[in-house]
Amino acid sequence: QVQLVESGGGLVQPGGSLRLSCAASGSIFSISAMRWYRQAPGKQRDFLAVITSGTSTNYADSVKGRFTISRDNAKNTVYLQMNNLEPEDTAVYYCNVDLLLRAGGPTRLYWGQGTQVTVSS
């Protein structure tokens, strides 16, 4: 019913930039918080950034000043602009969203399938 599709990952050189997108589709009434996480091989999945429905944002210290989260409510899409990328940013990047399928219904958490980002020369 609900699908989150991420895109924009790839191979980039150190110091480069990428912009990730995560589009939600399906029977969606509304979306509140939207987030980005990442998981490097052999490591836990780490929080990166969140943007609320009121467009307040918060970032992990590791990406503050380099990454910017934004959203387009008309498209049910969240973005992650990543600048000055470092090899340590290599990971699979995931989005998740809190959404309502109907008015007055419970808030449900959905995850995207992940997109690979590799930072290497």
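Aromatic rings of Phe47 and Tyr37 (six-membered ring for Trp) have centroids within the 6.0 Å cut-off, being under it.
In terms of heavy atoms, Ser121 sits closest to Pro14 at N-CD, 3.7 Å. Listed here is the closest heavy atom pair of Asn84 and Arg66: O-NH1, 3.1 Å. Minimum interatomic distance between Ser17 and Asn83 (heavy atoms only, all atoms of both residues): OG-OD1, 3.0 Å. The nearest pair of heavy atoms linking Ala33 to Arg35 is CB-NH2, 3.7 Å. Taking all atoms of both residues into account, the shortest heavy-atom contact from Val97 to Leu4 is CG2-CD2, 3.9 Å.
Within a 6.0 Å sphere centred on NZ of Lys75, other residues, nucleotides and ligands contribute 12 heavy atoms or fewer.
Residue Arg38 is tested with Thr115, Asp46, Asp89 for a side-chain hydrogen bond (donor to acceptor under 3.5 Å, both in side chains); the sole match is Asp89.
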Set out, in order, the CA-CA distance, both residues' side-chain angles and the distance that settles side chain to side chain contact (heavy atoms under 4.5 Å, CB included) for Tyr79 and Thr68, then state yes or no.
CA-CA 8 Å; Tyr79 304 97; Thr68 302; over 6 Å; no

Mind running side chain to side chain contact (heavy atoms under 4.5 Å, CB included) on Ile31 and Asn73 for me, showing each step along the way?
CA-CA 8 Å; Ile31 298 176; Asn73 291 329; over 6 Å; no

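Judged by distance alone, the side chain of Thr90 and the main-chain N or O of Val119 form a donor-acceptor pair under 3.5 Å. Checking side-chain atoms of Gln81 against main-chain N and O of Arg19 turns up no donor-acceptor pair under 3.5 Å.
Separation of atoms CZ (Arg71) and OG1 (Thr52) is listed at 7.0 Å; rounding is to 0.5 Å. Leu99 CG to Thr107 OG1: the interatomic distance, rounded to the nearest 0.5 Å, is 8.0 Å. Note that CG of Leu20 is 8.0 Å distant from CD of Glu6, once rounded to the nearest 0.5 Å. The distance from atom CD1 of Ile51 to atom OG of Ser70, rounded to the nearest 0.5 Å, is 6.0 Å. In this structure, SG on Cys22 lies 10.5 Å from CG on Leu80, to the nearest 0.5 angstrom. Going from atom OH of Tyr110 over to atom CG of Leu101 covers 4.5 Å, rounded to the nearest 0.5 Å.
Between Trp111 and Tyr94, the ring planes are perpendicular. Angles over 60° get that label, and only those under 30° would be called parallel.
At least one side-chain heavy atom of Ser120 sits under 4.5 Å from a side-chain heavy atom of Leu11.
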